Amino acid sequence: MSTISRDEVARVASLARIDLSEAEIDRLSGELDVIVDAIAQVSEVATPDVPATSHPLPLVNVFRDDVPVAPLPVDDVLASAPASEDGRFMVPQILGEE
C-alpha cells in the first residue's frame, strides 16, 4: 500500500516552489515509497539494546602524536634558498615600493 500519495508529493513540491511535471510526481511518489519502506525495515531492527552508529567500523585517529621538537637552524634552512639577506629569504620585489 502506498504511503506517499501523488497529492502529498505535489503539495510538498508546491511548498518548496519546485515545478514538477505529472510524470515526475508519479516517479517521485514511487521512489519516496521505497525510501519510507526501507526506513520502516530499519526501524523494526533497531532496538534499545543496539547502539546507534554512523559507521560500521570503529574509526581511529591515524595521525602521529604531535611532539614538539627543536626547529631547524636558520643557517641550514637559508643554505637551500636561492637568495637570503640578514637571516631572511630574499624574493623579487612585486609592489614597486622602495
Side-chain angles (χ1 to χ4, degrees):
M1 181 176 165
S2 175
T3 56
I4 308 284
S5 71
R6 292 184 81 258
D7 292 337
E8 287 175 306
V9 172
R11 184 179 68 80
V12 171
S14 174
L15 290 172
R17 299 190 193 288
I18 299 173
D19 188 23
L20 296 176
S21 68
E22 293 299 316
E24 289 172 324
I25 292 173
D26 290 336
R27 182 178 52 86
L28 285 173
S29 66
E31 290 176 1
L32 290 171
D33 275 340
V34 171
I35 294 170
V36 168
D37 289 342
I39 292 171
Q41 287 178 346
V42 170
S43 296
E44 290 174 6
V45 174
T47 60
D49 58 329
V50 177
T53 181
S54 64
H55 199 275
L57 302 173
L59 299 177
V60 295
N61 188 352
V62 296
F63 299 113
R64 65 172 170 77
D65 290 336
D66 190 12
V67 179
V69 296
L72 295 172
V74 173
D75 292 336
D76 290 350
V77 174
L78 293 176
S80 59
S84 64
E85 184 179 288
D86 297 329
R88 299 181 183 149
F89 294 107
M90 284 185 63
V91 296
Q93 184 175 350
I94 60 170
L95 294 178
E97 297 174 356
E98 294 296 323

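Just so it is clear, the model here is predicted, and its values are computed rather than measured.
In this structure, N61 places its CG atom where more than 12 heavy-atom neighbours from other residues, nucleotides or ligands lie under 6.0 Å away. In the displayed structure, R27 atom CZ is contacted under 6.0 Å by more than 12 heavy atoms of other residues, nucleotides or ligands.
I39 is linked by a side chain to side chain contact (heavy atoms under 4.5 Å, CB included) to I35, S43, counting only residues two or more places apart in sequence or in another chain. The salt bridge (charged side-chain N to carboxylate O under 4.0 Å, His left out) test applied to E8 returns no partner, not counting sequence neighbours. Taking L78 as the reference, V74, S84, F89 meet the side chain to side chain contact (heavy atoms under 4.5 Å, CB included) condition, with sequence neighbours excluded. Annotation: side chain to side chain donor-acceptor pair (under 3.5 Å) contacts of E22 (sequence neighbours excluded): R6. With sequence neighbours excluded, no residue forms a side chain to side chain donor-acceptor pair (under 3.5 Å) with D19.
Residue pairs meeting the salt bridge (charged side-chain N to carboxylate O under 4.0 Å, His left out) criterion with at least one partner in residues 59-70, sequence neighbours excluded, are absent.
Cluster partners of V62: none. The rule joins Ile, Leu, Val, Met, Phe, Trp and Tyr whenever side-chain heavy atoms lie under 4.5 Å apart, and it links nothing here. Hydrophobic clustering, defined by side-chain heavy atoms of Ile, Leu, Val, Met, Phe, Trp and Tyr closer than 4.5 Å, leaves V69 isolated from every other such residue. As a member of the Ile/Leu/Val/Met/Phe/Trp/Tyr network built from side-chain separations under 4.5 Å, L59 groups with nothing else and remains a singleton.
Closest approach of A13 and L20 over heavy atoms only: CB-CD1, 3.5 Å.
V12 and L32 are assigned to two separate hydrophobic clusters, defined by single-linkage of ILVMFWY side chains at heavy-atom distances under 4.5 Å.
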